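What follows is a short report on a single structure.
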Amino acid sequence: QVQLVESGGGLVQAGESLRLSCVVSGRSLSTASMAWFRQIPGKEREFVATIRVQSNTAYYADPVKGRFTMSRDDAKNSIYLQMTNLQPDDTALYFCAAGSSLLTLMVTAQVQVWGQGTQVTVSS
């Protein structure tokens, strides 16, 4: 059974940084595309960043480009989201997600497995 466990969320002030981690068990990263999504209460879950397994290329949502960096460590079967210059609009529950290695994982309908989420709160 595939499980995704996120960590690293917290409360920070605007301009500060956080690094989220997601440990994958039950499936090798080499067989999956991985992504980060986020959700604010009452709103749709939205795409943040993804890495395609074939090319190891990362793609980002426009609001986070230049501030967030997604990476993967196949030896640790983990992915990361380095978030810098955080703003109050980044406040959300952040989810790790896994999907088919054939896809660029950018929409919720393509996600096969979700983590439980880690809360990021940015104060102004």
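Keep in mind that this is a model prediction, so the values were computed, not measured. Residue numbers start at 1 and run along the sequence shown.
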Set out, in order, the CA-CA distance, both residues' side-chain angles and the distance that settles side-chain contact (heavy atoms from CB on, under 4.5 Å) for R67 and Y60, then state yes or no.
CA-CA 10 Å; R67 299 188 298 122; Y60 300 94; over 6 Å; no

Kindly indicate whether the side chain of [X], heavy atoms from C-beta on, has any atom under 4.5 Å from the side chain of [Y].
X   : Y    : answer
M83 : V120 : yes
T31 : S101 : no
Q82 : S17  : yes
P63 : D89  : no

Taking [Y]'s backbone N and O only, do any of them form a donor-acceptor pair with [X]'s side chain (distance below 3.5 Å, no angle check)?
X   : Y   : value
T50 : M34 : yes
N77 : S25 : no
E16 : L86 : no
Q87 : N85 : yes
E6  : C96 : yes

Look at the side-chain heavy atoms of Ile, Leu, Val, Met, Phe, Trp and Tyr, link any pair under 4.5 Å apart, and say whether [X] and [Y] land in one connected group.
X    : Y    : answer
V48  : V24  : yes
L29  : V113 : yes
W36  : V111 : no
F37  : L103 : no
M106 : M70  : no

Applying side-chain contact (heavy atoms from CB on, under 4.5 Å), run through R38 and T91 and close with a yes or a no.
CA-CA 9 Å; R38 65 186 183 186; T91 296; over 6 Å; no

Against the six-membered ring of Y80, is R19 placed for a cation-pi contact (under 6.0 Å from the centre, within 45° of the normal)?
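Relative to the ring axis of Y80, which defines the angle, R19 lies inside both limits.
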
For I51 and N56: C-alpha separation, side-chain torsions, deciding distance, then whether side-chain contact (heavy atoms from CB on, under 4.5 Å) applies.
CA-CA 6 Å; I51 286 184; N56 205 32; 3.6 Å; yes

How long is the span from the [atom1] atom in [X] to the [atom2] atom in [Y], to the nearest 0.5 Å?
X    : Y   : atom1 : atom2 : result
I79  : D74 : CD1   : CG    : 11.0 Å
S30  : R72 : OG    : CZ    : 7.5 Å
Q116 : C22 : CD    : SG    : 8.5 Å

Assign the ring pair F68 / Y94 to parallel, tilted or perpendicular, where the plane angle (0 to 90°) is split at 30° and 60°.
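Because their plane-to-plane angle lies in the 30° to 60° range, the rings of F68 and Y94 count as tilted.
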
Ignoring hydrogens, what is the shortest heavy-atom contact between [X] and [Y]? Give both atom names and the distance.
X    : Y    : result
T118 : G9   : OG1-N, 3.1 Å
F47  : L105 : CE1-O, 3.6 Å
A49  : L81  : CB-CD1, 4.2 Å
T108 : R45  : CG2-O, 3.9 Å
P88  : S124 : CG-CB, 3.8 Å
Q119 : A92  : NE2-O, 3.3 Å

Please evaluate residues L4 and F95 with respect to the criterion side-chain contact (heavy atoms from CB on, under 4.5 Å), reporting the C-alpha separation (whole Å), side-chain torsions for both, the decisive distance (0.1 Å), and the verdict.
CA-CA 9 Å; L4 311 178; F95 295 90; over 6 Å; no

